[in-house]
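Counting begins at 1 with the first residue of the sequence.
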Amino acid sequence: MDDNTQRPLSEEAITFEAAVPHPSIEVTALEQRWAPLMFFASVASLVCFSGVLHLHDRPEFLPIFVGCLAGSLAVYPLYWAELLTRWAAGDPRWTRFFLYCLLPPLRLTARNQSRNAVWFPKIGWTPVGPTSFVAMQGRLSGPLFVVALAVLPLIGIEFAYHERIAADARLDAAIRCGTAFVWLAFTLEFFTMISLTERQTKYIRTNWLDLAIILMPLAMFAQAAQISGLLRLQQLSKLGRAYRLRGVAMRMFRVLLLMKAIQKLMAPATEGRLSQLKEEAIETAQKLESLHQQIAELERVLHEKNMARLNKGRAGVAQSSLRDAA
């Protein structure tokens, strides 16, 4: 079978709790083959990348850092293989996959060729839209509540035992692994939710805190690379300033994590219900607009048919009148 053959998926393949009608989803055989493999490869890449970002600035962490870096690089051939396969199959979107070759975790946000579905484990191809968005929020709310609970003791221990953590590499590694896990959970949530919404720009604006949490470790990693370069060049005049900036960035990251944890823990149930109602209202408005368009089209067709009958009748009357006059 050709890789670009369209395969409609049944509604049973999409096992979301929100049991409302959704448009049929079509995926190519190529997408069906690559989606599961690339999803898990992207998660593995993100896990390793999280280790690279959080375990890079102590000599004791070097074996873990090297292992995480090797794991991050090991998945790259898969992304290039997918790119070449899609190019060879004539996929019109093959150029988009260059971005995933450069930043593998972004592959988690990839949609099907029609851009109306995303693949998830145990769920399969899930339609993009308010219904799936709200259903996924419900699925993730419990696990992320637990993650938010873990943030508070992590920050408390880091604050109360700062000197001991600095002296004990094992304790420092444990705290950093916990922070890396929290960062990973919030990053996965962000990528998952943005892949299911039809208004991605609005989602980013609304969830700027999540984006800041994702990007802050990248900034700290860049600062660590700068400090390393300054040490090699022995530019001691700039070294103190770089360390101070890194300390400020670390404190900002802790504040952002604390804000996110409080947001998750303190959000009232009515807020979640309000979000659900808004999403359902948007979907209902979209369906209503579609119905109005169908009604208008049917009215136009009926009007054209009635006009055709009326013109035909008038023509018949005129011909009959001419015959009678003759």
Side-chain angles (χ1 to χ4, degrees), residues 16 18 38-39 42-43 45-47 49-50 53-54 79 93 95-112 114-120 123 126-141 143-145 147-148 151 179-222 249 252-268 271-283 285-286:
F16 266 113
M38 299 313 295
F39 179 90
S42 300
V43 172
S45 172
L46 192 60
V47 171
F49 191 52
S50 177
L53 291 179
H54 292 87
Y79 293 89
R93 297 189 310 128
T95 54
R96 177 184 296 270
F97 288 80
F98 271 116
L99 178 62
Y100 306 144
C101 291
L102 298 175
L103 298 170
L106 293 182
R107 179 61 174 79
L108 291 167
T109 64
R111 298 177 180 177
N112 63 338
S114 303
R115 296 193 55 77
N116 65 347
V118 185
W119 190 90
F120 293 107
I123 299 173
T126 305
V128 173
T131 301
S132 298
F133 184 89
V134 172
M136 184 61 78
Q137 275 185 326
R139 283 175 173 262
L140 297 180
S141 60
L144 287 171
F145 183 83
V147 171
V151 171
T179 305
F181 176 77
V182 171
W183 180 87
L184 176 66
F186 289 149
T187 303
L188 284 173
E189 179 204 19
F190 185 83
F191 284 164
T192 298
M193 300 312 299
I194 201 171
S195 69
L196 288 174
T197 181
E198 296 173 333
R199 300 179 302 281
Q200 294 180 331
T201 303
K202 181 180 178 181
Y203 181 82
I204 292 173
R205 288 200 307 266
T206 305
N207 296 273
W208 61 269
L209 180 58
D210 300 57
L211 188 61
I213 288 173
I214 294 171
L215 296 179
M216 186 60 71
L218 297 175
M220 291 190 292
F221 184 77
M252 286 180 61
F253 182 61
R254 294 193 190 106
V255 170
L256 291 173
L257 282 180
L258 186 60
M259 289 172 61
K260 181 66 177 178
I262 293 173
Q263 183 185 82
K264 287 289 183 184
L265 295 174
M266 302 300 292
E271 184 177 323
R273 179 57 180 163
L274 179 61
S275 174
Q276 180 178 355
L277 289 174
K278 286 181 178 180
E279 295 291 340
E280 291 177 356
I282 292 169
E283 185 178 61
Q286 292 172 346

Could you give the side-chain donor-acceptor pairs of residues 185-196 under 3.5 Å, partners two or more places apart or in another chain?
from   : atom 1 : to     : atom 2 : distance (Å)
Thr187 : OG1    : Trp183 : O      : 2.7
Glu189 : OE2    : Lys264 : NZ     : 2.7
Thr192 : OG1    : Leu188 : O      : 2.7
Ser195 : OG     : Phe191 : O      : 3.4
Ser195 : OG     : Thr192 : O      : 2.6

Please round to the nearest 0.5 Å and tell me the distance separating atom CZ of Phe98 and atom CG of Leu103.
14.0 Å
Value for CD1 (Ile214) from CG (Asp210), rounded to nearest 0.5 Å, stands at 6.5 Å
CZ of Phe181 to OG1 of Thr179: how many Å apart, nearest 0.5 Å?
11.5 Å
Applying ring-ring contact (aromatic ring centres under 6.0 Å, His included), can you list everything that pairs with Phe39, at least two apart in sequence or on another chain?
Trp119
Any chance you could lay out the side-chain contact (heavy atoms from CB on, under 4.5 Å) test for Met38 and Tyr100, step after step, and finish with the verdict?
CA-CA 10 Å; Met38 299 313 295; Tyr100 306 144; over 6 Å; no
Could you give me the CA-CA distance, side-chain angles and deciding distance for Phe120 and Val118, then say whether side-chain contact (heavy atoms from CB on, under 4.5 Å) is met?
CA-CA 7 Å; Phe120 293 107; Val118 185; 3.8 Å; yes
Are any side-chain N or O atoms of Ser114 and backbone N or O atoms of Asn116, one a donor and one an acceptor, separated by less than 3.5 Å?
no
Please answer whether the main-chain N or O of Arg115 pairs with a side-chain N or O of Asn112 as donor and acceptor at a distance below 3.5 Å.
yes
Nearest atoms (heavy-atom pairs only) where Arg93 meets Arg111
NH2-O, 3.0 Å
Ser132 side chain to Gly129 main-chain N or O, any donor-acceptor pair under 3.5 Å?
no
Listed by chain and number, what are the side-chain hydrogen bond (donor to acceptor under 3.5 Å, both in side chains) partners of Ser45, not counting sequence neighbours?
none
Here the pair of heavy atoms bringing Ser42 nearest to Arg107 is OG-CB, 3.1 Å
Contacts of type side-chain hydrogen bond (donor to acceptor under 3.5 Å, both in side chains), residue Tyr203, not counting sequence neighbours
none
The reported gap from OG1 in Thr206 to CZ in Arg199 (rounded to nearest 0.5 angstrom) is 9.0 Å
Restricting to salt bridge (Lys or Arg N to Asp or Glu O under 4.0 Å), what partner residues turn up for Arg96, sequence neighbours left out?
none
Nearest 0.5 angstrom please: Thr126 OG1 to Met136 CE, how far?
6.0 Å
Would a 4.5 Å heavy-atom cut-off, applied to side chains only, mark Val128 and Thr197 as touching?
no
